[in-house]
Protein chains: 2
Amino acid sequence: MARSSLTRDEVLEAAAALVRRHGPDALTMRKLAAELGTAVTSIYWHVGNRESLLDALVERTVQEMGAVRPAGRTPVARIVSVARGLRRELRARPHLIAMVHERGLTERMFLPAQQALVHEVHAAGLRGARAADAVRAVQFQTVGFLLVERNRERSPVQSPGEGDLWDAVTAEHDPALARALALPADQERLFTASMRALVHGLLDAGGS
Amino acid sequence: MARSSLTRDEVLEAAAALVRRHGPDALTMRKLAAELGTAVTSIYWHVGNRESLLDALVERTVQEMGAVRPAGRTPVARIVSVARGLRRELRARPHLIAMVHERGLTERMFLPAQQALVHEVHAAGLRGARAADAVRAVQFQTVGFLLVERNRERSPVQSPGEGDLWDAVTAEHDPALARALALPADQERLFTASMRALVHGLLDAGGS
DNA sequence: ACCTGAACACCGTTCAAGT
DNA sequence: ACCTGAACACCGTTCAAGT
């Protein structure tokens with residue numbers, strides 16, 4: 001019986017397919033073995049254990065992502081375009097975000113965009129520590145937003161909280177604000193607006 | 001044998017202690033039962049199942065958090081102070097962040113700060129949809145930053161990435177930038193700076 | 001070099017049975 | 001109303017044994 005010859009790549013491919021279809025939680029060694037038609041223990045020979053299987057999977061998926069190319073004329077526009085591009089690439093691989101976060105590898109998610117970011121920040125005239133801060137601020141903001149966003153989408157209706165907000169809002173007597181907060185956020189627009197505001201602030205201000 | 005009478009509160013308290021000492025992963029129904037000196041199945045009678053136990057735990061911890069009080073004279077300073085206060089409160093409860101994120105309840109983390117935020121944004125002169133956007137931008141940025149930050153701290157040395165950055169940086173001929181990026185980030189300072197830049201951008205610009 | 005089944009030490013949850 | 005042990009269906013991992 002058994003298969004002619006199992007390769008590490010076959011294992012990774014099957015694991016990736018499992019994650020794509022049913023999410024990272026569905027990736028158990030036993031289900032993976034069933035999918036491959038081998039004994040559970042064979043997988044261990046090829047990938048070590050579940051930990052390193054997930055690491056390899058993250059690596060694979062990050063490398064699949066295309067490089068992010070800046071677009072636009074002003075420095076702000078170009079930096080924002082990098083952030084938006086990264087967001088688009090990551091949203092196309094929703095499980096990657098979860099896997100990377102779970103494994104404490106957020107750094108990996110930046111890789112496809114970081115050269116572009118360094119270049120653009122430099123071109124915008126920032127140097128040294130100021131430039132490093134700007135790059136990091138954009139990175140944190142981008143991935144942070146992604147994490148919050150995906151978290152929100154997973155459980156769209158969060159019963160408590162809205163009520164309290166309404167109270168606070170009506171106390172300010174701004175019904176338009178209340179209405180806007182009651183509606184679900186347009187995340188694409190919110191992301192672009194926040195990022196624009198952040199980059200503006202980073203390039204503009206001297207400090208204080 | 002057994003205990004005189006187990007209460008739901010005792011279960012929650014023991015669960016909270018377990019999470020405090022060994023993190024959320026250590027909270028298994030069986031370990032909890034051992035800690036309480038009861039049969040595993042008794043717990044189910046009091047809290048339903050693991051899911052709702054975690055929900056109750058999140059609720060409990062959020063309510064423990066103090067209200068965030070704004071400080072400072074300018075609107076920017078006051079809004080930034082709310083964000084920093086929220087960050088401080090959450091960092092004092094590191095496992096809460098993980099539990100909340102894992103359960104898709106990010107909204108809950110904002111509760112202690114959202115009234116203050118609405119008030120300050122309103123006082124800064126923003127109204128309606130603009131105000132709602134600003135509140136949300138600050139919320140996303142704060143929790144997003146927290147998530148990235150905690151993720152980073154969990155696995156401090158992330159072998160790949162640094163090398164690539166160095167390449168890009170040396171290509172720009174900015175050794176000070178390279179040095180700054182090679183060092184670990186001062187997250188407290190980075191948070192404050194990013195938040196200040198963001199709020200500045202939000203209050204200043206009309207759009208585009 | 002590669003694959004196997006058996007076994008170990010864990011999980012969460014259900015359920016019939018006790019008091 | 002509250003607690004119990006037995007049982008079920010899962011996990012990841014190790015290990016001696018096969019070819």
**Student:** Whole angstrom is fine here: how far is it from CH2 in Trp45(B) over to C1' in dA16(C)?
**Tutor:**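 Interatomic distance, CH2 of Trp45(B) to C1' of dA16(C): 18 Å.
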**Student:** Which atom pair, heavy atoms only, marks the closest approach of Ala197(B) to Leu202(A)?
**Tutor:**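 Of all heavy-atom pairs spanning Ala197(B) and Leu202(A), the closest is CB-N, 3.8 Å.
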**Student:** When you measure from the side chain of Thr41(B), which nucleotide among dT13(D), dT13(C), dG5(D) comes out closest?
**Tutor:**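 The answer is dG5(D), which lies nearest to the side chain.
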**Student:** So, are Arg91(B) and Glu153(B) salt-bridged, with charged N and O less than 4.0 Å apart?
**Tutor:**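 Salt bridge flag = yes for Glu153(B) with Arg91(B).
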**Student:** Please state how far atom CD1 in Ile43(A) lies from atom C1' in dC3(C), giving the value in whole angstrom units.
**Tutor:**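 Checked: the CD1 to C1' distance equals 12 Å.
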**Student:** Which one, dC3(C), dG5(C), dC11(D), comes nearest to the side chain of Ser42(A)?
**Tutor:**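 Selected nucleotide (nearest to the side chain): dC3(C).
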**Student:** Whole angstrom is fine here: how far is it from CG in Asn49(B) over to C1' in dC11(C)?
**Tutor:**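 So the two atoms are 14 Å apart, to the nearest Å.
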**Student:** Return the value, rounded to whole Å, for the distance between atom CZ of Arg50(B) and atom P of dC11(D).
**Tutor:**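 Taking atom P of dC11(D) as the reference, CZ of Arg50(B) is at 16 Å.
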**Student:** dC10(C) phosphate, OP1 or OP2: any side-chain N/O from Lys31(B) under 4.0 angstrom?
**Tutor:**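 False: Lys31(B) side-chain N/O out of range (4.0 Å or more) of dC10(C) OP1/OP2.
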**Student:** Please report, rounded to the nearest Å, how far the P atom of dG12(C) is from the CG atom of Leu32(B).
**Tutor:**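 Nearest whole value for this atom pair: 10 Å.
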**Student:** From OH of Tyr44(B) over to C1' of dT13(C), roughly how many Å is that when rounded to an integer?
**Tutor:**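 In whole Å, dT13(C) C1' lies 5 Å from Tyr44(B) OH.
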**Student:** Any idea which of dG5(C), dC15(C), dC3(D) is nearest the Leu6(B) side chain?
**Tutor:**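 Looking only at side-chain atoms, Leu6(B) lies closest to dC3(D).
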**Student:** Taking atom types as modelled, find out whether Asn49(B) and Ser52(B) have a side-chain donor-acceptor pair closer than 3.5 angstrom.
**Tutor:**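 Their side chains do contain a donor-acceptor pair, which is all the 3.5 Å distance test asks for.
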**Student:** Would you call Arg21(A)-Glu35(A) a salt bridge at under 4.0 Å N-O?
**Tutor:**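 Counted as a salt bridge, because a side-chain N and a carboxylate O are separated by less than 4.0 Å.
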**Student:** How long is the line joining CG of Leu36(B) and C1' of dC2(D), in whole Å?
**Tutor:**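 Rounded to the whole Å, the gap is 15 Å.
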**Student:** Using purine N1 to pyrimidine N3 plus N6-O4 or O6-N4 for Watson-Crick, or N1-O2 and O6-N3 for G-U wobble, each under 3.5 Å, what pairs with dA6(C)?
**Tutor:**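 Result: dT14(D).
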**Student:** Does His101(B) have its ring centroid less than 6.0 Å away from the ring centroid of His101(A)?
**Tutor:**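 Yes, they do, as the ring centres are separated by less than 6.0 Å.
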**Student:** By nearest heavy atom, map Leu27(B) and His46(A) onto DNA chain C; which one lands nearer the 5' end?
**Tutor:**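 With Leu27(B) and His46(A) compared, the 5'-side residue is His46(A).
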**Student:** Hey, does Thr28(A) reach any base, or is it just sugar-phosphate, or nothing, if we go heavy atoms under 4.0 Å?
**Tutor:**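 Since only primed, P, OP1 and OP2 atoms lie under 4.0 Å of Thr28(A), the category is sugar-phosphate.
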**Student:** Just how far, in rounded Å, is P of dC11(C) from CE of Met29(B)?
**Tutor:**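 Going from Met29(B) (CE) to dC11(C) (P), I get 12 Å.
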